[in-house]
**Q** 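The structure that follows is given in the form of structure tokens.
Since the model is a prediction, treat every value here as computed from it, not as a measurement.
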Amino acid sequence: MGKLETAKYVFNKRAAQWAEKYMDVSMYHEALDAFFNLLPQNASLLEIACGPGNLTKYLLHQRPDIRVTGLDIAPNMVELARANNPAATFAVMDCRDINELTERYDAVMCGFALPYFSKTEATNLIGDVANLLEEGGPFYLSTMEGDYSRSGIQTSSYGDKVYMHYHPANYLVETLTSTGFQVNELRRVDIPGEETKGINDLIITAVLKRK
């Protein structure tokens, strides 16, 4: 299996454990709230790599007017997302295929995909998001920030091996800017246990200014 196919297998197998461990997104509340403030009333939002619907659940708690469509590569994650968010719409889809979507959205949120994407895949994803967003639409993008050369196979606490990519802020900002986004904010959140390794969560909020 390829890197992302392996991740799909692991996420499908561990969906219930992932949900139990990560449904609490309180460490990201400040960054998420800042993003939510950019959303117009009754906005349509596409969530890429929605997992068990943890970010969607917080979003709809704060902004029940938002119309959410969530996508994930793992069917079991999508099933959990539907159970956790009956008001939203979810579908199984490889995030590398979002260029096949025909609808445009007022906002896009991608909270957990990039650590499983190579630099090329991440660059392509940003371009695809730009094509799906309405002019002026905000984009929430997060990843594990670190030196890209340190990317490699990581073993989870459950013993599963998955290839993890670390992405530095500079090339993501450059890619977003060259694609037509204006970067509004960069936030960094410490990851418990990773403080001394130079790894943290990077959250970027950008707005599409040019098609």
**Q** Decide whether Met109 and Leu208 are clustered together by the hydrophobic rule: side chain heavy atoms of Ile, Leu, Val, Met, Phe, Trp, Tyr closer than 4.5 Å, transitively.
**A**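 No, separate clusters.
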**Q** Would you say Phe90 ends up clustered with Leu55 if hydrophobic residues are merged whenever their side chains have heavy atoms under 4.5 Å apart, either directly or through other cluster members?
**A**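 No; Phe90 is not reachable from Leu55 via cluster members.
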**Q** In this structure, are over 12 heavy atoms from other groups packed under 6.0 Å from Gln154 atom CD?
**A**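 Counting neighbours around CD of Gln154, more than 12 heavy atoms of other residues, nucleotides or ligands fall under 6.0 Å, so yes.
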**Q** Is the His165 ring parallel, tilted or perpendicular to the Tyr148 ring (thresholds 30°, 60°)?
**A**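 Geometry flag for Tyr148 against His165: parallel rings.
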**Q** Look at the side-chain heavy atoms of Ile, Leu, Val, Met, Phe, Trp and Tyr, link any pair under 4.5 Å apart, and say whether Met77 and Leu45 land in one connected group.
**A**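 They do not share one cluster, since no chain of ILVMFWY contacts under 4.5 Å joins Met77 to Leu45.
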**Q** Does Gln41 offer a backbone N or O that forms a donor-acceptor pair with the side chain of Asp65 under 3.5 Å?
**A**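 Such a contact is absent between Asp65 side chain and Gln41 backbone.
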**Q** To the nearest 0.5 Å, tell me how far Ile199 CD1 sits from Met144 CE.
**A**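 Between atom CD1 of Ile199 and atom CE of Met144 there are 6.0 Å.
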**Q** Identify the heavy atoms of Ile153 and Lys161 that sit nearest to each other, and give their distance.
**A**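 Scanning both residues completely, I find the closest heavy atoms to be CG2-CB, 3.8 Å.
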**Q** Ser44 vs Asp106, test: side-chain hydrogen bond (donor to acceptor under 3.5 Å, both in side chains). Steps then yes/no.
**A** CA-CA 5 Å; Ser44 60; Asp106 298 314; 3.2 Å; yes
**Q** Checking the side chain of Asn54 only, and the main-chain atoms of Met23 only, is there a donor and an acceptor separated by less than 3.5 Å?
**A**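 Pair absent, no side-chain N/O of Asn54 close to backbone of Met23.
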**Q** Does the Arg82 side chain pair with the main chain of Thr89, one donor and one acceptor, at a distance under 3.5 Å?
**A**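 Absent.
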**Q** Given Phe139 and Phe181, is the ring pair (Phe, Tyr, Trp, His ring centres under 6.0 Å) satisfied, shown in steps?
**A** CA-CA 9 Å; Phe139 179 28; Phe181 286 95; 5.6 Å; yes
**Q** Working to the nearest 0.5 Å, report the span between NZ of Lys119 and OG1 of Thr175.
**A**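 It comes to 8.5 Å.
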**Q** Got a second to check how far His61's NE2 is from Thr56's OG1, nearest 0.5 Å?
**A**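 The OG1 atom of Thr56 is 14.5 Å from NE2 of His61, to the nearest 0.5 Å.
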**Q** Answer yes if the side chains of Asn184 and Thr205 hold a donor-acceptor pair under 3.5 Å, and no otherwise.
**A**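 Their side chains do not contain a donor-acceptor pair, so the 3.5 Å distance test is not met.
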**Q** Can a side-chain donor-acceptor contact be found between Asp201 and Tyr28 if the only test is distance below 3.5 angstrom?
**A**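 Yes, because at least one side-chain N or O of Tyr28 sits under 3.5 Å from a partner of the opposite role on Asp201.
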**Q** For the aromatic rings, using the six-membered ring if either is Trp, is the centroid distance between Tyr22 and Phe112 under 6.0 Å?
**A**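 No - the distance between ring centres of Tyr22 and Phe112 does not fall below the 6.0 Å cut-off.
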**Q** Under the 3.5 angstrom rule, does the side chain of Glu121 hit a backbone N or O of Ser118 as a donor-acceptor pair?
**A**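 Yes, because the side chain of Glu121 sits within donor-acceptor range (under 3.5 Å) of the backbone of Ser118.
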**Q** Which value, rounded to the nearest 0.5 Å, describes the distance between Asn37 atom CG and Gln62 atom CD?
**A**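 Between atom CG of Asn37 and atom CD of Gln62 there are 9.5 Å.
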**Q** Examine distances only and state if a side-chain atom of Arg104 and a backbone atom of Asn131 form a donor-acceptor pair shorter than 3.5 Å.
**A**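 Looks like yes, one N/O pair under 3.5 Å.
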**Q** Could you tell me whether a side-chain N or O of Asp72 sits under 3.5 Å from a main-chain N or O of Val78, the two making a donor and an acceptor?
**A**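 Looks like no, no N/O pair under 3.5 Å.
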**Q** Any link between Leu172 and Leu133 through a network of hydrophobic side chains (Ile, Leu, Val, Met, Phe, Trp, Tyr) touching at under 4.5 Å?
**A**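 Per the 4.5 Å side-chain linkage, Leu172 and Leu133 are co-clustered.
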**Q** Following the transitive rule for hydrophobic clusters with a side-chain heavy-atom cut-off under 4.5 Å over Ile, Leu, Val, Met, Phe, Trp and Tyr, establish whether Leu141 and Met164 coincide in one cluster.
**A**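 Looking at the clustering, Met164 is in the same group as Leu141.
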**Q** Does a side-chain N-to-carboxylate-O contact under 4.0 Å join Glu185 and Arg187?
**A**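 Answer for the salt bridge query: yes.
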**Q** Looking only at heavy atoms, what is the nearest atom pair of Leu80 and Ala15, with distance?
**A**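 It is CD1-O, 3.5 Å.
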**Q** So among Thr143, Leu186, Leu32, Val189, which one has a side chain to side chain contact (heavy atoms under 4.5 Å, CB included) with Ile203?
**A**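 Checked Thr143, Leu186, Leu32, Val189 against Ile203; only one passes side chain to side chain contact (heavy atoms under 4.5 Å, CB included): Val189.
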**Q** Counting C-beta onward and ignoring hydrogens, is there a side-chain heavy-atom pair between Leu59 and Val68 closer than 4.5 Å?
**A**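 Touching, per the 4.5 Å side-chain cut-off.
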**Q** Spell out, as yes or no, whether a donor-acceptor pair under 3.5 Å connects the side chain of Asn85 to the backbone of Gly53.
**A**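 Pair found, side chain donor or acceptor close to backbone of Gly53.
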**Q** Identify the heavy atoms of Ala113 and Ala49 that sit nearest to each other, and give their distance.
**A**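 Reported closest heavy-atom pair: CB-CB, 3.6 Å.
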**Q** Measure across Val162 and Ala7 and return the closest heavy-atom pair with its distance rounded to 0.1 Å.
**A**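 In this case the closest contact between Val162 and Ala7 is CG1-CB, 4.1 Å.
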**Q** Just do the side chain to side chain contact (heavy atoms under 4.5 Å, CB included) check on Asn99 and Asn124 with the steps written out, would you?
**A** CA-CA 10 Å; Asn99 62 322; Asn124 291 340; over 6 Å; no
**Q** Consider only side-chain N and O atoms of Tyr58 and Asp33, and report whether a donor and an acceptor are under 3.5 Å apart.
**A**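 Present: a donor and an acceptor within the cut-off.
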**Q** Would you name the heavy atoms of Ala88 and Leu60 that are closest together and state the gap between them?
**A**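 Shortest heavy-atom contact: CB-CD1, 4.2 Å.
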**Q** In Å, rounded to the nearest 0.5 Å, how long is the span from CE of Met93 to CG of Leu46?
**A**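 These two atoms lie 9.0 Å from each other.
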**Q** Considering non-hydrogen atoms only, spot the tightest contact between Ala122 and Tyr171 and give its length.
**A**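 Distance-wise, the nearest heavy atoms are CB-OH, 3.5 Å.
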**Q** Would you give the length of the straight line joining atom OH of Tyr140 to atom SG of Cys110, rounded to the nearest 0.5 angstrom?
**A**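 That separation rounds to 10.0 Å.
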**Q** Report yes if the side chains of Asn12 and Pro75 come closer than 4.5 Å at any heavy-atom pair, otherwise no.
**A**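 When only atoms from C-beta onward are counted, Pro75 and Asn12 do touch, with a gap below 4.5 Å.
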**Q** Tell me whether Glu5 is salt-bridged to Arg96, with the criterion being a basic N under 4.0 Å from an acidic carboxylate O.
**A**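 Answer for the salt bridge query: yes.
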